[in-house]
Amino acid sequence: MLPPAWHLLPALGFIGLAACTSVPPPVQPIEPPHPVAQVNLAEQTLERAIRATGQRPPNLARARSLLEGLLAADDPDARALHPYARALLEQLGERQRLTTLNERLTEQLERSTAALEESEQRSATLQRKLDALAEIERSLAPRGPAPQR
């Protein structure tokens, strides 16, 4: 006599009493495959604008035109992204303002550096002339005792 097979049930993946009965399990309706998500052009436009700002060097003009186009669109998807587009446009404006200011300050620093170098050269030239005059003065002075009065 063979031992009872109950100890093998966990290894066989016991699936319950429904598998042992002659009643088949209920048939699950097969769902049609989910349709491919509609491409959201507004999101793609926003993503392209963000990518344009992250390029090296950034293409701020392209990003600005993409965002302005997104803000001009009136479809619901675009309107949902308008706050993000406005915020990004605001950041682009600030970034361009700071870039312009940085360029001006860099030019001013370069002019100041050139003026400083020129001033240092004039100072060194004047110092050499003073040293030469002092040497001439020493060579003309009498080398004896100072005259008595």
| Ionic contact status for Glu135 with Arg138, cut-off 4.0 Å | yes
| query | Does the pair Glu90/Arg86 count as a salt bridge with the N-to-O cut at 4.0 Å? | reply | no
| said: Before you tell me yes or no, could you show the steps for Leu133 and Lys129 under side chain to side chain contact (heavy atoms under 4.5 Å, CB included), namely the whole-Å CA-CA distance, both residues' side-chain angles and the distance that decides it to 0.1 Å? | reply: CA-CA 6 Å; Leu133 285 174; Lys129 288 179 181 179; 5.5 Å; no
Roughly how far, to the nearest 0.5 Å, is the [atom2] atom of [Y] from the [atom1] atom of [X]?
| X | Y | atom1 | atom2 | result |
| --- | --- | --- | --- | --- |
| Arg97 | Leu92 | CZ | CG | 13.5 Å |
| Gln121 | Leu116 | CD | CG | 10.0 Å |
| Asp74 | Arg79 | CG | CZ | 5.0 Å |
| Thr53 | Leu88 | OG1 | CG | 6.0 Å |
| Gln91 | Leu98 | CD | CG | 11.5 Å |
| Ser112 | Glu107 | OG | CD | 11.5 Å |

| message | Run Leu41 and Asp77 through side chain to side chain contact (heavy atoms under 4.5 Å, CB included) and show every step you take. | response | CA-CA 8 Å; Leu41 295 177; Asp77 290 336; over 6 Å; no
| note | The remaining residues in the hydrophobic cluster of Leu105, counting side-chain heavy-atom contacts under 4.5 Å among Ile, Leu, Val, Met, Phe, Trp and Tyr, are Leu101
| message | Would you say CD of Gln108 has more than 12 non-hydrogen atoms from neighbouring residues, nucleotides or ligands within 6.0 angstrom? | response | no
Side-chain donor or acceptor of [X] paired with backbone N/O of [Y] under 3.5 Å:
| X | Y | answer |
| --- | --- | --- |
| Arg62 | Ala52 | no |
| His82 | Ala72 | no |
| Ser119 | Ala115 | no |

| request: Starting from the C-alpha separation in whole Å, work towards a yes-or-no answer on side chain to side chain contact (heavy atoms under 4.5 Å, CB included) for Thr45 and Leu67. | output: CA-CA 7 Å; Thr45 302; Leu67 292 170; over 6 Å; no
| task | Locate the shortest heavy-atom distance separating Pro58 from Arg95; write the atom from each residue and the value. | result |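 Shortest heavy-atom separation between Pro58 and Arg95 comes out as CG-NH2, 3.6 Å.
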| message | Taking Leu71 as the starting point, is it possible to reach Leu66 by hopping between hydrophobic residues whose side chains are less than 4.5 Å apart? | response |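 Different hydrophobic clusters.
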| message | Exactly one of Leu126, Leu130, Asp131, Thr125 should register a side chain to side chain contact (heavy atoms under 4.5 Å, CB included) with Arg128. Which one does? | response |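 When Leu126, Leu130, Asp131, Thr125 are each tested with Arg128, the side chain to side chain contact (heavy atoms under 4.5 Å, CB included) holds only for Thr125.
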